[in-house]
Asks: 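My questions will all concern the structure given below.
A note on names: the letters A, B, ... follow the listed sequences, proteins ahead of strands, and every chain is numbered from 1. Computed from a prediction, not measured in an experiment: that's the story for all the values here.
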Amino acid sequence: MKKHFLGSLKLMMVASLMAALPAWAGTLDDVRTAGYVKCGVNPNNPGFSALDSKGERIGFDIDFCRALAAAVNVDAKFVPLTSKERLPALQSGEIDFLSRTTTWTMSRDTRMGLDFAATVLYDGQGFMVRKDLGIKSAKELDGASVCLATGTTTELNVADYFRKNNMTFKPVVFEKQEDVRKAYDAGRCDCHTTDISGLAAQRTLMTKPEEHLILPEVISKEPLAPLTRHGDDQWNDIARWVINATIAAEENNITQANVETVAKTTTNPGIKRMLGITGTLWQDMGLDKDAPIRIIKAVGNYGEIFERSLGKNTPLRMERGLNQLWSKGGVLYTPPFR
Amino acid sequence: MTDSASMPAPEKIPFWRNPTIRAYGFQAVMLVGLVLLALVIYRNTLANLTLRGINTGFAFLSNEAGFGIGETSAIPMINPGFFYFLFSTLGVALGLFLLFRYLIQAEGNGKNRFMLAAGGVLFIGSLGCFYTSISLVETYTYTHAATYVTALVTGLINTLKVAVLGCVLSTILGLFIALARLSPNWLLKKLAHAYIEINRNIPVLMHLFFWYFIVFQRLPGVRQSASLFDTVFFNNRGVYLPRPVFQENFALFFVAIFLSLVIVLFLWLHGRKRQGLTGKKTPLMVPCLGVMIGLPALVYLFTGTPFHFDYPVLKGFNFKGGMTLTPEFMALVTGLTVYVSAFNAEIIRSGIESVSKGQTEAGRALSMSEGRIMRKVVLPQALRVIIPPMTSEYLAIAKNSSLAVAIGYPDLVSIGGTILNQTGQSIEVIGIWMTVYLIISLLISIGMNWYNAKIRLIQR
């Protein structure tokens with residue numbers, strides 16, 4: 001009896017000591033062994049991550065996860081997370097890749113054991129109000145009550161903005177974006193604040209979307225980027241170059257539809273390197289040479305991803321703006337595939 | 001009975017077969033094992049955190065918070081003035097205790113005039129200290145520029161506000177429901193039964209959603225507010241009430257009210273004792289009312305108005321001035337109260353039914369009124385059965401108040417969650433949550449156990 005107890009105690013200690021030495025370096029191997037990549041996504045944020053009529057997850061954030069999965073040639077599994085849960089979920093190894101409208105900030109990059117891959121959307125925080133308030137500028141919001149979600153940079157930006165402009169506000173903070181919307185829609189708050197893309201998404205879900213106005217002020221820089229765990233450089237490289245590949249594809253007019261033809265017919269040495277036809281760029285990273293073609297076949301180039309989920313023909317009706325190629329007046333600029 | 005002479009001398013058993021030593025041995029091994037396990041977990045956590053490049057420690061708590069909180073309250077500053085206030089309050093309480101103990105004690109039986117004098121001096125003296133100390137207490141309120149600690153304390157105060165109010169209201173409501181459930185009136189009995197069954201069988205989170213999204217969010221908008229005499233306004237942003245603004249002389253007024261309450265209590269106890277001794281009832285209504293109104297009125301005459309009211313006025317987007325009960329707060333208190341009152345009602349009913357029928361009949365035989373039997377005979381005995389399960393209900397309220405985050409009330413968990421996310425210090429923040437809730441729960445348990453022990457002593 002006693003021996004049994006001591007034996008099991010020893011076993012427990014050994015087990016926990018072993019657990020103390022995890023190998024975070026090998027996310028790629030883990031993903032290959034499991035046969036799927038686990039992506040942390042938003043439960044319901046139209047345009048970014050939402051269920052379609054068939055129950056499939058679609059959206060801008062989803063596409064980058066699918067692109068990553070296609071690059072590794074595995075399936076994608078989605079784990080819906082609130083803003084509050086998302087960072088600990090990645091830190092603890094619950095997910096492999098966080099693609100959930102997360103703002104790239106210095107402290108998140110340096111002190112939380114996380115690494116950002118590359119900015120996928122240059123966004124900024126804005127305010128949405130009811131049209132019948134007759135407000136034209138965020139500077140008129142003194143004394144307003146503001147509905148917002150917890151666990152975001154939003155909370156800090158809005159406090160900074162009001163402080164800077166000597167105005168006061170009453171925050172009403174919810175855990176879920178859905179509850180923020182419901183409360184704002186019911187009239188609990190004068191204004192709703194989050195990233196402008198998010199406001200556009202939330203507006204489509206209001207009872208009467210046409211009654212709401214997004215104010216012109218952009219009060220912050222919100223570069224939204226997917227993340228991986230700190231310390232796994234290979235996995236972070238893969239995530240970054242998967243995103244870069246979608247941008248490079250748009251630069252070279254390679255689309256979901258023509259990628260196979262281009263791969264067969266192109267004579268451009270740059271495109272050949274990028275698509276893995278010549279050179280070992282993709283093998284060097286631990287993938288195989290067909291990875292880039294699979295990525296484009298799965299989700300298309302950046303422009304296609306944007307237009308499909310956020311663009312003019314979607315309920316969000318967002319302009320490309322900063323998220324246009326550098327050659328067309330935006331800031332999308334991928335380092336060379338060389 | 002045993003004939004020790006005929007028994008062979010007991011064989012000296014080795015110490016490891018001695019049951020007492022063995023028992024202690026097992027306990028010690030278990031304890032060492034637990035400590036080792038805790039140590040392993042602690043080292044494991046630290047190693048993992050370092051491995052993943054996550055900063056640890058509580059140093060972040062003194063950083064600037066930088067986010068807004070919707071409901072803030074004044075937090076007393078820990079300075080000499082605060083301790084002066086604290087000690088004078090304790091002095092007043094101790095003085096009162098001595099005075100009343102003297103009053104309650106039976107005649108003769110070691111009745112100590114000295115204690116009376118000591119109590120009196122202590123009471124009067126500390127009351128004076130209390131009066132001067134009120135103005136020395138400084139408070140501060142959370143702003144964006146305050147630290148994370150201030151934010152957490154604000155959250156804790158918000159949690160305690162809900163927990164205390166929830167406990168009191170759910171007990172009162174529960175008592176009424178229990179009495180209705182036991183009433184001979186068929187309709188009332190059935191209604192109370194339905195109330196209990198409906199409310200205790202719906203999960204508490206659903207209660208909160210119901211009260212928040214369906215009841216309080218359906219009140220009219222700000223511009224269409226319903227009002228009472230243009231001083232109290234109801235809308236979907238909350239209830240706006242006039243707020244008393246205290247003038248400089250309010251401390252004296254406050255002391256006068258307190259003093260009048262003490263005198264009323266004194267008169268009441270005295271009356272009760274006299275009734276116990278002589279059987280004669282002392283008329284209390286007139287002198288009590290006289291003291292209650294007279295003393296504050298006297299202070300009022302001498303010093304002028306102690307406070308005036310700040311009325312809420314619709315300005316810009318919202319009502320400005322006055323004080324606000326936010327829909328989040330009201331939904332949380334109402335939801336928790338209604339939910340727990342159903343359980344409390346059943347506990348109280350079981351307590352009342354546990355008192356044998358003979359007690360009630362004996363009361364009736366003495367021609368006591370039904371209400372009097374309930375108050376004087378049944379409830380005091382029922383408390384014995386009621387208190388222990390009631391403790392768990394109070395604990396449930398304190399803990400369930402953490403569901404506040406679902407309806408946007410800035411309690412400890414909501415604010416801690418924000419901090420957790422801004423700083424990434426999940427383990428530290430979760431540690432703080434657990435410690436604080438553990439302390440709150442232990443305090444409730446200690447208080448209720450003390451009360452339980454006290455009524456037991458009187459009972460038997």
Asks: To the closest 0.5 Å, what do you measure between CD1 (Ile95(A)) and CZ (Arg229(A))?
Replies: 8.0 Å
Asks: Please flag which part of Ser83(A) lies under 4.5 Å from any non-hydrogen atom of chain B: side chain, backbone, both or neither.
Replies: backbone
Asks: What part of Ile69(B) is in contact with chain A, defined as an atom under 4.5 angstrom from a non-hydrogen atom: side chain, backbone, both or neither?
Replies: backbone
Asks: Is it the side chain or the backbone of Lys84(A) that comes within 4.5 Å of chain B heavy atoms, both, or neither?
Replies: both
Asks: Please classify the contact between Leu87(A) and chain B as side chain, backbone, both or neither, with a heavy-atom cut-off of under 4.5 Å.
Replies: side chain
Asks: If we ignore angles and hydrogens, is there a donor and acceptor under 3.5 Å between the side chains of Thr194(A) and Gln125(A)?
Replies: no
Asks: Could you look at Ser426(B) and say if it's the side chain, the backbone, both or neither that has a heavy atom under 4.5 Å from chain A?
Replies: side chain
Asks: Using a 3.5 Å cut-off and no angle test, enumerate the donor-acceptor pairs between side-chain atoms of residues 143-150 of chain B and protein atoms at least two apart in sequence or in another chain.
Replies:
from: Thr143(B); atom 1: OG1; to: Ala145(B); atom 2: N; distance (Å): 3.3
from: Thr147(B); atom 1: OG1; to: Thr150(B); atom 2: N; distance (Å): 3.4
from: Thr147(B); atom 1: OG1; to: Thr150(B); atom 2: OG1; distance (Å): 2.9

Asks: Hey, is Cys147(A) close enough to Cys191(A) that the SGs sit under 2.5 Å?
Replies: no
Asks: Select, from Tyr409(B), Phe209(B), Tyr212(B), the one with the greatest count of heavy-atom pairs under 4.5 Å involving chain A.
Replies: Tyr212(B)
Asks: If we ignore angles and hydrogens, is there a donor and acceptor under 3.5 Å between the side chains of Glu175(A) and Thr82(A)?
Replies: no
Asks: Which of residues 163-172 of chain A have a heavy atom under 4.5 Å from any heavy atom of chain B?
Replies: Arg163(A), Phe169(A), Lys170(A), Pro171(A), Val172(A)
Asks: Checking Arg130(A) against Tyr184(A): charged group under 6.0 Å from the ring centre and within 45 degrees of the axis?
Replies: yes
Asks: Pick one of side chain, backbone, both or neither for Ile407(B), based on which atoms fall under 4.5 Å of a heavy atom in chain A.
Replies: backbone
Asks: Using non-hydrogen atoms and a 4.5 Å limit, figure out which bit of Asn157(A) sits close to chain B: side chain, backbone, both or neither.
Replies: neither
Asks: Identify which part of Gln422(B) has an atom lying under 4.5 Å from any heavy atom of chain A, answering side chain, backbone, both or neither.
Replies: both
Asks: Glu71(B) versus chain A, heavy atoms under 4.5 Å apart: side chain, backbone, both or neither?
Replies: neither
Asks: Working to the nearest 0.5 Å, report the span between CD1 of Ile135(A) and CG of Leu215(A).
Replies: 7.0 Å
